[in-house]
Amino acid sequence: MKRAFDPSHLMDITPRPDLVFVRGDASWVWDQKGRRYLDFVQGWAVNTLGHAPACVRDALAQQSALLVTPSPAFHNEPAIALSELLCRHSDFDQVFFTNSGAEANEGAIKLARKWGRLHRGGAYEIITFADAFHGRTLATMSASGKPGWDRMFSPQVDGFPKARLNDLPSVQALIGRQTVAIMLEPVQGESGVQEATPEFLHGLRALCDRHGLLLIFDEVQTGVGRLGRLFGYQHFGVVPDVITLAKGLGGGVPIGALLARRDACVFAHGDQGETFNGNPLMCAVGLAVLHEVLADGFLDRVRTTGEHLGVRLRELSDRCGAGSARGVGLLRALDLGQPLAAAVVAHAREHLALEGTADGAGLLLNAPRPSVLRFMPALTVTPDEVDLMVDGLTAAVSAAGSAV
Ligand SMILES: *Cc1c(COP(=O)(O)O)cnc(C)c1O
């Protein structure tokens, strides 16, 4: 069949379905043929307020008419205001803005190594974790715990010994003279929503305090309300020395951030920079998104709707003996217990007609593992939309199950 579009000049880096998306509104997105989908992927946990929220459109329109990029070597108002707001609502003192999560993590790695040079006799190793995901630059691939990722483009960056999540002795065993930091996602996202336990995170904090190490949380996915608190560490009650943000911070536009406590802010002039870092256009959007997330009742609603999603997923897994449901806030997963996740995702997108939608809408889901589905809706998703998704998911699971 001839396609109505030609993507052949795009590097083919991932299998993409034969769809072109043209428009979105809150929890819904439309393809070029006019088919509508309920979106529980939301740009990979990026669209904090759903598709095309008014505050993002207004911030882009207003700021783009004023000032887009003065150069990172000059101050601008939105960057100052956003750094001030982030620090006021967190335990951190200073911010470095980036364009992406991987760059924020690269910054955290550089900051830790600089800190090791100043305070730990040149120590540079950062203990990271099996199945972790920290990005796709050379260093962050090495820091990630996907098997083989530290050698895919070798020679890569070394100094990232791997421990196991929720296994404190596995961390302890790796601490040595060269250790400078421990870095992890408080909830591993790409590995299929694997939560660190509060006890484990408290244990890491104690280890870092005892050995004089930095504790770094990669909150690229868990930050900005995703777990029902502004930052994931607040959900667990463990304060790290450094966190990184991206995804949800821009509500759909590219911006990341590296936040650190004052004694860890050791970059000297020339150590760190980026052409687009802290540009007013993206910072104005970050400000608008953060103001919405901090508005009265917003995070309460994320927690309530997240609980509702958790209950509905557990019901589904109990009813069809599918496996288990897990997660926090609006970052959830369903383990199907068998490798059906890709088939469920394809069925939900291509063949499903969501019940009660006059136009027979489809459903967008994500399968981070062969048997695991991940749910990362807009933080503004409604309980009714959650119900609509779970009903559609139930149908898709049974269709995929009977097809094997
Ligand atoms: C997505 C993600 C990254 C990488 O962010 P990019 O913006 O794609 O570079 C890093 N860490 C975590 C935990 C993520 O979920």
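Atoms within each ligand, like the ligands themselves, are counted from 1 in listed order. In what follows, residues are counted from 1 in the order of the sequence shown. Just so it is clear, the values below take in all heavy atoms, side chains as well, and ignore hydrogens, waters and symmetry mates.
The aromatic ring centroids of Y37 and W30 lie 6.0 Å or more from each other.
Here D391 pairs with R312 in a salt bridge; the nearest charged N to carboxylate O distance falls below 4.0 Å.
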Show me the donor-acceptor pairs within less than 3.5 Å that the side chains of residues 235-245 make with the rest of the protein, sequence neighbours left out.
| residue | atom | partner | partner atom | Å |
| --- | --- | --- | --- | --- |
| D241 | OD1 | R205 | NH1 | 3.3 |
| D241 | OD2 | R205 | NH1 | 3.3 |
| D241 | OD2 | R205 | NH2 | 3.2 |
| D241 | OD2 | L215 | N | 2.7 |
| T244 | OG1 | N105 | OD1 | 2.7 |
| T244 | OG1 | D218 | OD1 | 3.4 |

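For residues 280-300, every residue pair satisfying the salt bridge (Lys or Arg N to Asp or Glu O under 4.0 Å) rule, not counting sequence neighbours, is listed here: D300-R303.
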May I have a table of the N/O to N/O pairs between ligand 1 and the protein that fall below 3.5 Å, each row giving the two atom names and the distance to 0.1 Å?
| residue | atom | partner | partner atom | Å |
| --- | --- | --- | --- | --- |
| ligand 1 | 7 (O) | G101 | N | 2.8 |
| ligand 1 | 9 (O) | G101 | N | 3.4 |
| ligand 1 | 9 (O) | A102 | N | 2.7 |
| ligand 1 | 11 (N) | F133 | O | 3.3 |
| ligand 1 | 11 (N) | D218 | OD1 | 3.4 |
| ligand 1 | 11 (N) | D218 | OD2 | 2.7 |
| ligand 1 | 15 (O) | Q221 | NE2 | 2.7 |
| ligand 1 | 15 (O) | K247 | NZ | 2.6 |

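Using the six-membered ring where Trp is involved, H119 and W115 have ring planes that are tilted, between 30° and 60° apart.
Residues forming a side-chain contact (heavy atoms from CB on, under 4.5 Å) with E355 (at least two apart in sequence, or on another chain): none.
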